[in-house]
Amino acid sequence: MEFPFDINQLFSERVSILDQTLVAGRKSAGRPDLQAHIATVIDELGRASAKAQQLTAPITSASKLQSQRHQLYLLKDGERNGGRGVVVGFLKVGYKKLFLLDRQGVHVEAEPLCVLDFYIAENLQRHGYGLELFDFVLQHKNLEPVLMAYDRPSPKLLSFLAKHYCLTQSVPQVNNFVVFEGFFLNREAAQ
Ligand code: ACO
């Protein structure tokens with residue numbers, strides 16, 4: 001995804017972590033011009049993700065990020081676009097208090113890290129960028145994918161999780177979240 005400004009100036013790291021402050025590293029702190037560009041990037045990514053998932057409205061935008069306690073991991077490829085860089089995609093996560101059903105159908109209250117939105121630019125999908133970004137988040141959070149919950153996962157995300165992390169057996173829920181076999185097991189072991 002290309003923008004009419006220098007992506008490398010905006011995001012110095014290959015993966016940037018954005019939160020309520022919309023600041024990507026020290027460079028954009030106290031720079032309203034750069035923060036406006038960051039907001040443009042997030043809004044554009046949110047719109048593209050919604051379109052890819054056929055949602056009626058984006059679930060990710062700069063204003064939503066500012067008002068929610070979520071984290072957005074943004075992946076760039078700094079080499080493309082004549083060295084100005086392109087935005088490859090993003091993964092948004094956040095902790096949510098959920099009422100889940102375990103394998104026996106017993107209600108369990110949990111506050112797992114949830115995958116809320118995930119998008120790789122159309123022309124760059126199926127090139128391993130999604131895996132790179134997901135693995136970065138797992139390392140950063142020191143977490144296994146089986147311990148996370150997935151908000152309304154698309155068929156592509158379900159296929160991605162099965163391929164890369166062998167997550168295939170979900171435990172039926174009455175809400176939009178999907179958790180997999182092992183979610184409750186590992187919680188018990190961790191307690
Ligand atoms: N059809 C089916 N499966 C796909 C597709 C596709 N078009 N694209 C990726 N996948 C899955 C497959 O398992 C694929 O393996 P395969 O090529 O051997 O079949 C695997 O992902 C490829 O892995 P990566 O290259 O690392 O994944 P990618 O960079 O494409 O990122 C992502 C995966 C984020 C799901 C991307 O395909 C995408 O943006 N899709 C559109 C938006 C979307 O559905 N996002 C998830 C929303 S749900 C949520 O966020 C909770």
Subject >> Partner set under side-chain contact (heavy atoms from CB on, under 4.5 Å) for Q104, not counting sequence neighbours >> reply: D102, V106
Subject >> Reported CZ-to-CD1 distance for the pair F136 and I17, which is rounded to 0.5 angstrom >> reply: 4.5 Å
Original post:
More than 12 heavy atoms of other residues, nucleotides or ligands under 6.0 Å from CD of E122: is that the case?
Top reply: yes
Subject >> Nearest atoms (heavy-atom pairs only) where I42 meets A62 >> reply: CG2-N, 3.6 Å
Original post:
If you link I, L, V, M, F, W and Y whenever their side-chain heavy atoms are under 4.5 Å apart, who else ends up in the same group as L101?
Top reply: V174
Original post:
Partners of S49 by side-chain contact (heavy atoms from CB on, under 4.5 Å), sequence neighbours excluded?
Top reply: Q53, F90, D117, Y119
Original post:
Minimum heavy-atom separation for V93 to L116, with atom names?
Top reply: C-CD1, 3.8 Å
Original post:
Going by heavy atoms in the side chains, are N175 and F99 under 4.5 Å from each other?
Top reply: no
Solution key, residues 69-86 side-chain donor-acceptor pairs under 3.5 Å, sequence neighbours excluded:
residue : atom : partner : partner atom : Å
H70     : ND1  : Q68     : OE1          : 3.3
Q71     : OE1  : K141    : NZ           : 2.5
Y73     : OH   : H140    : ND1          : 2.7
K76     : NZ   : N8      : OD1          : 2.7
K76     : NZ   : F11     : O            : 2.8
D77     : OD1  : E79     : N            : 3.1
D77     : OD2  : R80     : NE           : 3.0
D77     : OD2  : Y129    : OH           : 3.3
R80     : NH2  : Y129    : OH           : 3.2

Subject >> Side-chain hydrophobic cluster, 4.5 Å single linkage: members besides V23 >> reply: none
**OP:** For this output row, return yes or no: ring centroids of F180 and Y165 closer than 6.0 angstrom.
**Re:** no
**OP:** State, yes or no, whether a side-chain contact exists between P112 and L147 at a heavy-atom distance under 4.5 Å.
**Re:** no
**OP:** Hey, could you give me the CG/CD distance between L91 and E132, rounded to the nearest 0.5 Å?
**Re:** 12.0 Å
**OP:** For the pair F160 and F118, name the ring-plane relationship: parallel under 30°, tilted 30 to 60°, perpendicular over 60°.
**Re:** perpendicular
**OP:** With the side chain counted from C-beta on, respond yes when H127 and V88 share a heavy-atom pair under 4.5 Å apart, and no when they do not.
**Re:** no
Subject >> E109 side chain vs H107 backbone, donor-acceptor pair below 3.5 Å >> reply: no
Original post:
Does T40 use its side chain to pair, donor to acceptor, with the backbone of A36 at less than 3.5 Å?
Top reply: yes
Original post:
Just by modelled atom types, is the Y95 backbone N or O under 3.5 Å from a matching donor or acceptor in the E111 side chain?
Top reply: no
Original post:
So which pairs with a foot in residues 156-171 pass salt bridge (charged side-chain N to carboxylate O under 4.0 Å, His left out), sequence neighbours left out?
Top reply: none
